[in-house]
Amino acid sequence: MSHLPDAKSMLDSRGLYEGATIHGVNPLLLIEKIIRERIFESLYWKEQAFGLNAATLLDRAVELTFIGGQYANQKPTPFLCLTCKLLQLQPEKEIILEYLHDTDFKYLRALAAFYIRLTWSAVEIFKTLEPLLNDYRKLRVRSQAGFTLTYMDEFIDGLLVKERMCDVALPRIPTRAQLEDLDELEPRVSALGSEIDSDEEGSRNGGDDGGDGDDDDDGSEEGERMEE
């Protein structure tokens with residue numbers, strides 16, 4: 001079948017692999033064997049992912065309408081299939097960052113973030129993904145239980161702190177606190193903390209001015225979170 005050479009082009013039954021490695025292994029091995037085989041046998045992989053390169057994969061990625069690992073009778077989602085294809089292609093970091101910084105297609109951003117978490121170094125992961133904790137757009141998730149909703153910031157936080165996401169075991173990385181102790185990361189200042197400090201400074205400087213419209217800010221963060 002024509003899709004099999006494409007699917008297994010980086011896998012050798014004898015365990016031989018001479019291409020570029022990620023975390024010291026064949027990139028495709030970052031997805032467990034049983035899930036990998038389900039991806040290779042899926043209709044989406046055979047019809048939509050076969051023969052893609054970094055440019056044509058973008059056309060498929062912007063069509064995504066949900067994230068997730070497996071659904072229904074353990075079928076891999078298009079999101080997971082395209083993740084596997086990215087592992088096969090290993091695009092340049094500049095291309096992945098273009099995907100990540102595209103604000104028009106949130107599922108393209110989620111795909112790039114997931115790939116970064118699987119393949120980049122711990123320091124790069126935190127520095128690159130933490131700014132996305134300010135992205136509050138909704139994301140649809142498809143799983144064995146059906147469809148649910150999450151938010152981009154929750155998805156990114158999961159990538160930074162959880163051991164599994166989208167039915168894939170994430171490579172182990174040090175925690176942020178550990179990287180700070182090693183002086184590899186500066187302490188993170190949250191956007192919310194900056195707002196609080198600014199409000200406190202304003203209160204000290206403008207105490208009895210009758211309020212400068214603080215009421216307008218009530219619930220603003222929640223309002224942003226509920227926007228598509």
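Worth knowing before you read on, the calculation uses all heavy atoms, side chains too, and leaves out hydrogens, waters and symmetry mates.
Two different hydrophobic clusters hold Leu111 and Leu149 under the rule that ILVMFWY side chains link at heavy-atom gaps under 4.5 Å. Note on Ile125: it does not cluster hydrophobically with Leu182, by side-chain heavy-atom contacts below 4.5 Å among ILVMFWY residues. Met165 and Phe66 are members of different hydrophobic clusters when ILVMFWY side chains are connected at heavy-atom separations under 4.5 Å. Following chains of ILVMFWY side-chain contacts shorter than 4.5 Å, one cannot reach Leu43 starting from Phe50, and the two form parts of different hydrophobic clusters. Residue Tyr71 is not grouped with residue Phe147 when hydrophobic side chains (ILVMFWY) are merged at heavy-atom distances under 4.5 angstrom, including chains of intermediate members.
Residue pairs meeting the side-chain hydrogen bond (donor to acceptor under 3.5 Å, both in side chains) criterion with at least one member in residues 108-120, sequence neighbours excluded, are Arg109-Asp135. Sorted by first and then second residue, the pairs that involve residues 49-64 and meet side-chain hydrogen bond (donor to acceptor under 3.5 Å, both in side chains), not counting sequence neighbours, are Gln48-Arg60, Asn53-Thr56.
Nearest heavy-atom pair across Tyr107 and Lys138 is OH-O, 4.4 Å. For Leu132 against Met152, the heavy-atom pair with the smallest separation is O-CG, 4.4 Å. Nearest heavy atoms, Pro131 versus Thr128: CD-O, 3.5 Å. The minimum heavy-atom distance between Ala61 and Leu108, with the atom names listed, is CB-CD1, 3.6 Å. The shortest non-hydrogen separation linking Ile156 to Ala113 is CD1-CB, 3.7 Å. Nearest heavy-atom pair across Arg142 and Thr77 is O-CG2, 4.1 Å.
In this view, Phe114 and Phe79 satisfy the ring pair (Phe, Tyr, Trp, His ring centres under 6.0 Å) rule, not counting sequence neighbours.
To the nearest 0.5 Å, atom NZ of residue Lys127 and atom CD of residue Glu184 are 9.0 Å apart. Taking CD1 of Ile39 as the reference point, atom CH2 of Trp45 lies at 7.0 Å (rounded to 0.5 Å). For the atom pair Lys85 NZ and Leu28 CG, the distance stands at 9.0 Å (nearest 0.5 Å). Considering SG of Cys84 and OH of Tyr44, their distance stands at 12.0 Å, rounded to 0.5 Å. Between Tyr151 atom OH and Tyr136 atom OH the span is 12.5 Å, to the nearest 0.5 Å. Between the NE2 atom in His23 and the CG atom in Leu29 there is a gap of 12.5 Å [rounded to 0.5 Å].
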Verdict with supporting geometry, Thr21 and Asn26, side-chain contact (heavy atoms from CB on, under 4.5 Å)
CA-CA 5 Å; Thr21 61; Asn26 178 339; over 6 Å; no
For the pair Ile96 and Leu86, evaluate side-chain contact (heavy atoms from CB on, under 4.5 Å) and give the outcome as yes or no after the intermediate values.
CA-CA 9 Å; Ile96 296 299; Leu86 280 175; 4.2 Å; yes
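The shortest side-chain heavy-atom distance between Leu30 and Val25 falls under the 4.5 Å cut-off. Residues Pro174 and Phe126 form no side-chain contact, since every pair of their non-hydrogen atoms from C-beta on lies 4.5 Å or further apart. Ile22 is listed as a side-chain neighbour of Gln90, based on a closest heavy-atom distance under 4.5 Å. Within the 4.5 Å cutoff, side-chain heavy atoms of Leu129 are placed close to those of Leu100. The shortest distance between side-chain heavy atoms of Ile116 and Glu124 does not fall below 4.5 Å. Contact annotation: the side chain of Leu82 approaches that of Leu52 to within less than 4.5 Å [non-hydrogen atoms, C-beta and beyond].
Atom CZ of Arg172 has 12 or fewer neighbouring heavy atoms from other residues, nucleotides or ligands inside a 6.0 Å radius. Heavy atoms of other residues, nucleotides or ligands lying less than 6.0 angstrom from CD of Glu180 number more than 12.
Among Glu130, Gln178, Arg176, the one residue that satisfies the side-chain contact (heavy atoms from CB on, under 4.5 Å) test with Leu185 is Arg176.
Using modelled atom types, one side-chain atom of Arg36 and one backbone atom of Ile31 make a donor-acceptor pair closer than 3.5 Å. In this structure a side-chain-to-backbone donor-acceptor pair under 3.5 Å is missing from Ser42 to Pro76.
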